[in-house]
A.B. asks: 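If you scroll down you'll find the structure; I have some questions about it.
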Amino acid sequence: MIDRRQLMRDVASQFRRRLNAKWHYTREHLKIDLDEAAETLVQVVMVEMSAFGLIHRTWQLNRCAVYFWTKLGGLLQAAEVVKTK
């Protein structure tokens, strides 16, 4: 078993070997009121990694969340993010 510090070093080392990263999101729903908005986004991130130049792996992260926005000083700012799936 490794401690959190070692885990963070290992993950950082792996990300330094990143070959490629792609991401996109799809808006599933958008509701706008006077000073507030809420949008549901599905995000997909794919990261390709290489180890020793021989071993390649791809990580895919899928996330769905509702983003709540509030207007402050004339600008919409993120107020809360709620993970849904």
Side-chain angles (χ1 to χ4, degrees):
M1 181 176 243
I2 61 173
D3 62 10
R4 187 175 191 284
R5 182 177 294 151
Q6 181 63 46
L7 174 64
M8 296 303 288
R9 280 194 300 263
D10 291 350
V11 169
S13 173
Q14 289 179 8
F15 274 102
R16 282 191 295 274
R17 294 190 302 262
R18 175 183 57 84
L19 295 175
N20 193 14
K22 297 177 187 176
W23 61 90
H24 70 273
Y25 70 90
T26 303
R27 180 182 290 140
E28 289 190 338
H29 182 75
L30 176 63
K31 180 181 178 186
I32 301 174
D33 290 326
L34 292 175
D35 290 335
E36 298 178 329
E39 64 180 335
T40 303
L41 298 178
V42 175
Q43 299 171 314
V44 178
V45 177
M46 293 182 66
V47 179
E48 283 183 69
M49 305 273 186
S50 174
F52 311 112
L54 300 171
I55 303 169
H56 298 278
R57 75 179 138 187
T58 301
W59 291 352
Q60 181 171 323
L61 169 69
N62 299 299
R63 182 171 85 163
C64 183
V66 179
Y67 293 77
F68 295 94
W69 302 85
T70 302
K71 191 179 280 188
L72 297 172
L75 300 172
L76 285 175
Q77 297 182 0
E80 183 179 10
V81 178
V82 178
K83 184 178 172 186
T84 60
K85 294 179 188 175

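Starting from 1, each residue takes its place in the sequence as its number.
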A.B. asks: Does one hydrophobic cluster hold both L61 and W23, with members joined at side-chain heavy-atom distances below 4.5 Å?
C.D. replies: yes

A.B. asks: Give the minimum heavy-atom separation between V44 and Q60, together with the two atoms involved.
C.D. replies: CG1-NE2, 3.9 Å

A.B. asks: Of the options E39, E80, E36, which is the one that meets W69 in a side-chain hydrogen bond (donor to acceptor under 3.5 Å, both in side chains)?
C.D. replies: E39

A.B. asks: To the nearest 0.5 angstrom, please state how far the CZ atom of R57 sits from the CE atom of M49.
C.D. replies: 7.0 Å

A.B. asks: For a quick test of reading the model, state the closest non-hydrogen atom pair linking E48 to T58 and the distance between them.
C.D. replies: CG-OG1, 3.6 Å

A.B. asks: Which heavy atom of A38 sits nearest a heavy atom of V66, and at what distance?
C.D. replies: CB-CG1, 4.5 Å

A.B. asks: Apart from L30 itself, which Ile, Leu, Val, Met, Phe, Trp or Tyr residues share its cluster (side-chain heavy atoms under 4.5 Å, direct or through members)?
C.D. replies: I32

A.B. asks: What distance do D33 atom CG and K71 atom NZ have between them, rounded to the nearest 0.5 Å?
C.D. replies: 11.0 Å

A.B. asks: Identify whether L76 and F68 are in the same connected component of the hydrophobic contact network (ILVMFWY, side-chain heavy atoms under 4.5 Å).
C.D. replies: no

A.B. asks: Any link between M8 and V47 through a network of hydrophobic side chains (Ile, Leu, Val, Met, Phe, Trp, Tyr) touching at under 4.5 Å?
C.D. replies: no

A.B. asks: Return the CG to CZ distance between D10 and R5, rounded to the nearest 0.5 Å.
C.D. replies: 13.0 Å

A.B. asks: Considering residues at least two apart in sequence or located in another chain, which fulfil the side chain to side chain donor-acceptor pair (under 3.5 Å) criterion with E28?
C.D. replies: none

